[in-house]
Amino acid sequence: VSRFRRLDLNVLLKAAEGITASLRLEDLFRRLLGLAMEHGAARRGLLVLERDGFAKVEAEATIAEDARSSAARIAIRIEPRDLDSVRAPVAILNYTLRSGESMVLDDAMSSGAYVADDSVQAGRLRSVLCVPVARGEEYQMILYMENNLSTGVFSSQRLELLRLLGNLTAVALDNALMYRTLETRVAERTHELQISLRKEGELVEELRAALGVAKEAAELRSRFVQVVSHEYRNPLTSIKSAAILLSDYNEKMSPENRLQMADAIKEDVDHMERLLDEVISLGRQVKLRRQRTDLVGYCAGILEKTAQAE
């Protein structure tokens, strides 16, 4: 295995560990764009997410020079913005969004189909890359990177590395989008309940304690579901990531690396089996009994005891 291939494997293993642990879109965008900038030789990068036919720039990364030292750092801005509000060659972004194909320009401002593009000339863009990252039934995400100092920096090896990062991102992006959808639904439902409670002003005091109990129960249930979901999804995603690496690099891996991947898969499977046994055991221990309860009287009793204690 060549030194560059070993570097590829190290980057992908690091990416698999960090990306698959991201449940929130903001964390996923930050990790993916940070890795792409770190290993992609770009001066600036964008993540563009299209959902329901509308595309927005979700994250932007730039190289920020540190005046106190010679080192440079990657500054990442997480904020949804319209394509037209961001300095970028929109024609290139739209080409990759519509065609699903990658585009690499070695010297955009001097030659090629986009040499007359205002954004290309205004930004004095040299090397430009635009590559699909992930695609689902209702969304697609692309990665745009540019370098205004050097030509031909986006080699075929770097393009391949960014595509593999995209493969690892696809599963995590599905999970993060689902998590955001659930958060939105919970917020909407909470808002509806708040409106309903305001209309029932005469019952506010009696129901306040009950709402506190219900909220606590909902939070406990939410945390339980999140923990179980996280414990299941992490091994599943790690297994899929390992399978991707084995598929793409099987012939280039040493026997030790292949054995390491196989052991990792077996360890994740064993972990899932243990977790499943624990959940089944818990379900057998918990016995539920349904009965009618005077909720208002129950809450009034709590309030009375609280007043006596004060």
Side-chain angles (χ1 to χ4, degrees), residues 25-26 28-67 72-136 138-166 169-170 173 177:
L25 281 174
E26 294 79 4
L28 176 61
F29 294 154
R30 191 176 300 277
R31 291 178 186 273
L32 174 60
L33 198 50
L35 282 168
M37 290 290 292
E38 183 180 351
H39 300 282
R43 301 284 301 174
R44 182 168 174 263
L46 303 173
L47 275 177
V48 179
L49 179 63
E50 182 182 64
R51 299 185 71 183
D52 301 323
F54 296 96
K56 287 185 177 294
V57 174
E58 297 285 347
E60 177 181 8
T62 54
I63 298 295
E65 305 293 344
D66 192 340
R73 62 183 180 86
I74 301 172
I76 300 179
R77 176 184 179 184
I78 307 295
E79 180 185 358
R81 289 172 288 167
D82 294 334
L83 297 186
D84 295 336
S85 67
V86 179
R87 180 185 62 78
V90 177
I92 295 177
L93 301 179
N94 283 332
Y95 172 82
T96 300
L97 285 171
R98 301 295 172 261
S99 67
E101 298 177 358
S102 300
M103 177 178 293
V104 179
L105 301 176
D106 290 331
D107 193 354
M109 70 174 295
S110 298
S111 61
Y114 299 93
V115 67
D117 188 283
D118 292 340
S119 296
V120 170
Q121 293 298 323
R124 302 187 62 80
L125 303 184
R126 294 297 185 180
S127 300
V128 172
L129 176 144
C130 197
V131 58
V133 173
R135 179 184 292 268
E138 300 179 352
Y139 71 87
Q140 61 174 325
M141 187 164 70
I142 64 173
L143 170 66
Y144 166 83
M145 305 182 76
E146 65 182 41
N147 188 312
N148 60 352
L149 300 180
S150 305
T151 61
V153 301
F154 299 123
S155 62
S156 58
Q157 291 91 343
R158 284 199 169 97
L159 179 59
E160 179 185 4
L161 177 61
L162 293 173
R163 282 174 174 166
L164 290 172
L165 283 175
T169 304
L173 181 59
L177 286 172

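If you're wondering where the values come from, they're calculated on a predicted model, not measured in any experiment.
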Hey, does the side chain of [X] reach the backbone of [Y] with a donor-acceptor pair shorter than 3.5 angstrom?
X	Y	answer
Asp82	Asp84	no
Ser85	Arg81	no
Arg126	Met109	no
Ser127	Gly152	yes
Thr62	Arg44	no
Glu26	Ile78	no

ask   = Would Leu97 and Ile142 count as a side-chain contact (heavy atoms from CB on, under 4.5 Å) if you check the C-alpha gap in whole Å, the side-chain angles of each, and the deciding distance to 0.1 Å?
value = CA-CA 7 Å; Leu97 285 171; Ile142 64 173; 3.8 Å; yes

Can you measure from [atom1] ([X]) to [atom2] ([Y]) and round to the nearest 0.5 angstrom?
X	Y	atom1	atom2	value
Gln157	Leu159	CD	CG	10.0 Å
Leu25	Leu49	CG	CG	7.5 Å
Leu129	Leu162	CG	CG	6.0 Å
Leu161	Ser155	CG	OG	9.0 Å
Glu60	Met37	CD	CE	9.5 Å

What is the minimum heavy-atom distance between [X] and [Y], and which atoms define it?
X	Y	result
Asn147	Ser150	OD1-N, 3.0 Å
Val104	Phe154	CG1-O, 3.7 Å
Asn148	Gly123	CB-O, 3.6 Å
Ala42	Met145	CB-CE, 3.3 Å
Leu105	Ile92	CD1-CD1, 3.9 Å
Pro80	Glu58	CG-OE1, 3.6 Å

Derivation and outcome, side-chain contact (heavy atoms from CB on, under 4.5 Å), residues Leu33 and Leu143 = CA-CA 8 Å; Leu33 198 50; Leu143 170 66; 3.7 Å; yes

key: Audit row: Arg98, Glu50, salt bridge (charged side-chain N to carboxylate O under 4.0 Å, His left out) steps and yes/no   = CA-CA 11 Å; Arg98 301 295 172 261; Glu50 182 182 64; 3.1 Å; yes

Considering only heavy atoms from C-beta outward, does the side chain of [X] approach that of [Y] to under 4.5 Å?
X	Y	answer
Val48	Lys56	no
Pro89	Leu125	yes
Cys130	Ser102	no

task = Could you please spell out the steps behind the side-chain contact (heavy atoms from CB on, under 4.5 Å) verdict for Leu47 and Met141?
result = CA-CA 7 Å; Leu47 275 177; Met141 187 164 70; 4.3 Å; yes

CA sep, side-chain torsions, deciding dist, call: Arg43, Glu146, salt bridge (charged side-chain N to carboxylate O under 4.0 Å, His left out) = CA-CA 6 Å; Arg43 301 284 301 174; Glu146 65 182 41; over 6 Å; no

Intermediate values then yes/no, side-chain contact (heavy atoms from CB on, under 4.5 Å), Gln121 and Val115 = CA-CA 7 Å; Gln121 293 298 323; Val115 67; 3.8 Å; yes

